[in-house]
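Below: the structure, in structure tokens.
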Amino acid sequence: MKIASFNINGIKARLPALMDWLDEAQPDVAILQEIKSIDENFPREAFEDKGYNVETHGQKSFNGVALLSKLPLEDVTHGLPGDADDEQARYIEATVVGDHAVRICGLYLPNGNPVPGPKYDYKLAWMDRLRTRAEELLADEMPFLMAGDYNIIPQPEDAARPQDWVDDALFRPESREAWRKIVNLGLTEAFRARNQASEHYTFWDFQRGAWQRNDGIRIDHFLLSPECADLLTDCQIDKDVRGREKPSDHVPIWVELAA
DNA sequence: ATGGTGGGGATCCCA
């Protein structure tokens, strides 16, 4: 089973590019972030025509996540537990049943800039809630993965110019510590498990010719539970998507599971 | 130190 994650930065602007990539990559499941659309305006028929089941958790203008799956999406839940007052649409879960049942958690983790400030406080609090949710799922012992735009640069080798990010919410020590607290529950970071070399990125800013200079960062990640990591056979980044017509600033990352 | 680009949707916010 091929499961991909892609921050599309606006479904309306990205629909043609997203369709082309789906045709070519043929993921069984696609986890989308930043749909920037309310549920009612999401072009679900375009995906249903390709054989995908569609679940969205959207809001007006900002954020928004979605799941596309060729297999049925079961037990869908919207929103990250732990704060009833949180109105930002950044999290969705569903179970996909192939040879194994896998719980799919799609997330768009807050950016957090500027540091310090309320947006950074929200990011760290959100990561605390995500860790709590991971603990709950680990207790269930069903295979699960948490995938999406984490807005976290885990290590210096995950940025072309790490010195540019030392004061940024994506790379601050507190952010990386919160990331490690989640990973160290016993989750496997799929890309690092399958690829040792540096200079692999998933995001290049629209500004300053970042793509042309390969000034990228690796901030889109898959975290796998132990039972899910046992099924992992591959993890790759579709880098070339960034060089196409009307690209997102992110590119897809995907895992192959023996599930 | 500044502003560079892009999406959404409203004349500014977010990244």
Side-chain angles (χ1 to χ4, degrees), chain A residues 5-21 30-44 46 56-66 79-80 86-91 106-127 130 147-154 158-172 174-176 178-179 201-221 237 239-253:
Chain A
S5 170
F6 191 2
N7 180 325
I8 57 175
N9 192 5
I11 185 60
K12 199 169 141 190
R14 211 66 59 217
L15 191 56
L18 179 55
M19 288 292 161
D20 289 347
W21 169 75
I31 304 164
L32 306 179
Q33 302 89 40
E34 281 204 272
I35 64 173
K36 294 186 174 180
S37 163
I38 58 174
D39 297 333
E40 293 75 16
N41 290 349
F42 191 81
R44 55 186 307 124
T56 61
H57 182 41
Q59 71 180 88
K60 190 180 178 184
S61 305
F62 306 120
N63 309 317
V65 290
L80 180 62
D86 186 358
E87 294 181 348
Q88 300 190 31
R90 298 178 171 275
Y91 191 83
L107 64 98
Y108 175 44
L109 205 146
N111 175 294
N113 283 303
V115 179
K119 291 186 179 179
Y120 194 52
D121 295 341
Y122 175 66
K123 175 176 194 154
L124 295 178
W126 204 96
M127 294 184 79
L130 185 64
D149 177 359
Y150 278 77
N151 270 313
I152 291 285
I153 303 166
D158 298 314
R161 300 171 54 86
Q163 66 276 18
D164 287 357
W165 298 91
V166 290
D167 294 322
D168 195 283
L170 279 62
F171 194 56
R172 287 288 304 160
E174 300 91 331
S175 307
R176 295 165 59 203
W179 159 264
Y201 311 125
T202 63
F203 170 93
W204 295 259
D205 202 295
F206 287 125
Q207 303 181 65
R208 296 178 292 254
W211 167 248
Q212 288 73 15
R213 297 186 291 116
N214 196 27
D215 180 9
I217 51 178
R218 195 173 69 89
I219 59 174
D220 298 85
H221 308 295
I237 296 166
K239 178 181 181 180
D240 70 292
V241 170
R242 187 62 177 79
R244 297 184 186 174
E245 194 83 7
K246 259 181 97 63
S248 172
D249 41 6
H250 295 251
V251 295
I253 175 173

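In this text, all values refer to a predicted model and were calculated from it rather than measured experimentally. All values below come from the heavy atoms of this structure, side chains included, with hydrogens, waters and symmetry mates left out. A note on names: the letters A, B, ... follow the listed sequences, proteins ahead of strands, and every chain is numbered from 1.
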Using side-chain hydrogen bond (donor to acceptor under 3.5 Å, both in side chains), reason through A:D220 and A:N7 one step at a time and then give a plain yes or no. CA-CA 8 Å; A:D220 298 85; A:N7 180 325; 5.3 Å; no

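Between A:I217 and the options A:T202, A:D205, A:D164, A:L170, a side-chain contact (heavy atoms from CB on, under 4.5 Å) holds for only A:L170.
Atom CZ in A:R14 sits roughly 5 Å away from atom P in B:dG7 (whole-Å rounding). Computed from coordinates, the A:K12 NZ to B:dA10 C1' distance equals 12 Å when rounded to whole Å. Going from atom CD of A:Q59 over to atom P of B:dG8 covers 14 Å, rounded to whole Å. If you measure from atom CG of A:L15 to atom C1' of B:dG7, you get 15 Å, rounded to the nearest angstrom. Atom-to-atom, NZ of A:K60 to C1' of B:dG7 comes out at 15 Å; the value is rounded to the nearest Å. Taking atom CD on A:Q33 and atom C1' on B:dG7, their separation rounds to 16 Å, with Å as the unit.
Separation of the P atoms belonging to B:dA10 and B:dC14 is 14 Å when rounded to the nearest angstrom. Here, B:dG9 and B:dA15 have their C1' atoms 16 Å apart, quoted to the whole Å. Across B:dT2 and B:dG6, the matching P atoms stand 23 Å from one another, rounded to whole Å.
No hydrogens or angles considered: a donor-acceptor pair under 3.5 Å links the side chains of A:T56 and A:D39.
Note on A:D168 versus A:R172: no salt bridge recorded, every NZ/NE/NH1/NH2 to OD/OE distance being 4.0 Å or above.
The aromatic rings of A:W204 and A:W211 stand perpendicular to each other, their planes meeting at an angle above 60°, with 30° marking the opposite boundary. Using the six-membered ring where Trp is involved, A:W21 and A:F6 have ring planes that are perpendicular, over 60° apart on the 30 and 60° scheme.
Annotation: A:E245, atom CD; neighbour count of heavy atoms from other residues, nucleotides and ligands within 6.0 Å does not exceed 12. Counting non-hydrogen atoms of other residues, nucleotides and ligands closer than 6.0 Å to CD of A:E87 gives a total of 12 or fewer.
Note that CG of A:D158 is 4.0 Å distant from CZ of A:R218, once rounded to the nearest 0.5 Å.
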Measure all distances between protein nitrogen or oxygen atoms and nitrogen or oxygen atoms of nucleotides 13-15 of chain B, and list the pairs falling under 3.5 Å.
unit_1	atom_1	unit_2	atom_2	d
B:dC14	OP2	A:K119	NZ	3.3

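Both key distances under 3.5 Å define a Watson-Crick or G-U pair, and stretches of 3 or more such consecutive pairs in DNA chain B run B:5-8 with B:12-15.
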